[in-house]
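We name chains A, B, ... by the order of the sequence lines, and we start the count at 1 in each one.
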Amino acid sequence: MSATTLEAPATTPAFQQVSMARKVKNGLATTLVWLSFLIAVVPLVWVLYTVVANGIRRIPYSNWWSQDLGNYLSDEVGGGVLHAIIGSLLQGLVCAIIAVPIGMLVAIYLVEYGRGKLAKATTFMVDILSGVPSIVAALFIYALWITTFGLPRSGFAVSLALVLLMIPVVVRSSEEMLRIVPDDLREASYALGVPKWKTIMKIVLPTAMSGIIGGIMMALARVMGETAPLLVLVGYSAYTNWDIFSGEQAALPLLMNNERVTNSMDPGSVGFDRIWGAALTLVLIIAIINLLATVFARLVAPKKK
Amino acid sequence: MRPGDRIFQNLTTGAGVFVVALIGLIGLFLLIQAIPALQANKGSFLTNHGWSTNDPANMSFGILDLLEVTVATSLVALIIAMPVSLGIALFLTQYAPKRLARPFGYVVDLLAAVPSIIFGLWGILVFAPAIEPFSQWINDTFSWFPLLAPGNVAPSVRGTIFTAGIVLAVMILPIITSLSREVFERTPTPHMEGALALGATRWEVIRTTVLPFGKAGYVGASMLGLGRALGETIALAVILLIPQGKNFDWSLFDGGATFASKIAANYSEFNNQISAGAYIAAGLVLFVLTFLVNFAARSVIGKKGD
């Protein structure tokens, strides 16, 4: 037995000594990582500030929401964007009516039936479809609807192009929601002798519905901000047009583009106010749709004990 | 099988087949509409710089300028967005306080919800004037460097590839970030704990475990961002100035038009089928380009999953 037993190791363990160079590198990395997050926040705040600060000048007036621009000269103060709001909502709604059932059927196929090559191809093509630029979708509808079928440019043609852009988003979000429905629920239903299609319709879909609706609303909000299909597939009209199948029809992004091309963009001018007013209106509509999605999703969510 | 089941299964399978067929149909219809215009083209479609399609009887158009400008803007955007997205993804997965990681992530996702025409208008009306002194300074100081030489839209230096590239970088940040983040989050905890136990600093843990694990996913995410940048339409149509009579000459202070912005800016020429066909041919090239980029991106990401 030696009397010189140490109560602690003679030297501190190596991992407590962090060399200066390593400390500096670590500090530098931390700084850069925080900085890159700030770099992303700056443009977001800047864009939103621009939209709100410049857009707020016109939208508090009731005629902004209740009139169109049909009776106003392009540089005359007054009028509103009702025609563009109606066009945006109509085109978005018709797009959703077509895209949602197709998207959900594809998602159901992928989750409940899809095995083998076709399922793989479908998943892959949905991914590719989500990368198709909106201008290409617009050109495709132009080539199909207008050149091949000989039908006129209209709000409906726009809706068709938006369908192409909306389907992949609906498929992705619905698929994700259907996959997290527990298999126990399906098995319990089969055990009671319920056919598969009825199990899907009455058990699986309702369970996933709140999430699916959320995804659909987000997708809708996104396609309503698209501009490219509007340029190619429908003409701008300053008058309100309720007929989606014929005639020129406005939409908020199209109105903004039209003002940009035809009007002065000097701060404080009529065109400047209209553009940012329309931008704020569009952002508000997108925010409201997203909010509705959240509220609605809560309402239809399956009750928990 | 019960009849109800058979009908339902066929219905959903049909929807799957429809989506698969859709991609083929897009390519097919664009090709059919492009052929008459390509036959009437007096120039070479692949190597011509000019684009004159006003007179259907005497058309001469080529995509070389469009291709160069599209590639230039997308690369500028990608070079800026890649490191920043990497930083944000690391911030959200490794640095941000756990309780705040979700709301912070939501903030970055909000960037994706802003309509692109708003980005375009902000870019040309607000952002470009604000950075004008800076871009003018770069242009003056480094004009000996070919990429930063005085371009064809001087002197105010606003509607340039330089401006457009920065705005485009902001627009593709969220997609690169969200995918990289997903991959980084899946770094096996034992790997990270092992590195920590060996006394690694936080940065060393990231360098030795998170980055090697997530590299493929990050590269794939960046390629998806590139695909998005190649196809961006209205923001570029609003920002990029189209110079008269002078071609793109590989300066960031050049203006010009990308495939998408060219088509969007000239929709008024869609009144006759032959002229429209020229733009559809350009759209077909863009479609093939984005298809290839997305295809490559998905294969890189997919390989990691298996």
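Only the side chain of A:W276 comes within contact range of chain B, judged by heavy atoms closer than 4.5 Å. If you measure heavy-atom distances from B:V20 to chain A, the contacts under 4.5 Å come from both the backbone and the side chain. Heavy atoms of B:F18 lying under 4.5 Å from chain A belong exclusively to its side chain. In this structure, chain A has a heavy atom under 4.5 Å from the side chain of B:T233, while its backbone stays farther away. In this structure, the portions of B:L90 lying under 4.5 Å from any heavy atom of chain A include both its backbone and its side chain. At a 4.5 Å heavy-atom cutoff, the contact between B:V170 and chain A is made by side-chain atoms alone. If you measure heavy-atom distances from B:F295 to chain A, the contacts under 4.5 Å come from both the backbone and the side chain. Only the side chain of B:L173 comes within contact range of chain A, with heavy atoms under 4.5 Å apart. No part of B:A81 comes within reach of chain A, as not one of its non-hydrogen atoms sits under 4.5 angstrom from that chain. Looking at A:V47, the atoms closer than 4.5 Å to chain B (heavy atoms on both sides) sit in the backbone and in the side chain alike. At a 4.5 Å heavy-atom cutoff, the contact between B:V84 and chain A is made by backbone and side-chain atoms alike. Within the 4.5 angstrom heavy-atom criterion, only side-chain atoms of B:Q273, from C-beta onward, approach chain A. Looking at B:T13, the atoms closer than 4.5 Å to chain A (heavy atoms on both sides) sit in the backbone and in the side chain alike. Only the side chain of A:V51 comes within contact range of chain B, with heavy atoms under 4.5 Å apart. Only the side chain of A:I275 comes within less than 4.5 Å of a heavy atom in chain B; its backbone stays farther off.
Closest heavy-atom contact between A:L144 and B:F29: CD1-CZ, 3.3 Å. Across all non-hydrogen atoms, the minimal contact from B:P115 to A:I286 is CG-CD1, 3.7 Å. Of all the heavy atoms in B:A260 and A:I135, the pair that sits closest is CB-CG2, 3.8 Å. Between B:L121 and A:R260, the shortest heavy-atom distance links the atoms CD2-CD, 3.9 Å. Across all their heavy atoms, B:A15 and A:L105 have their closest contact at CB-CB, 3.6 Å.
Within the model, atoms CG of A:L129 and CG of B:L22 stand 5.5 Å from one another, a figure rounded to the nearest 0.5 Å.
Below 30°, between 30° and 60°, or above 60°: for A:F37 and B:F91 the angle between ring planes is below 30°, a parallel geometry.
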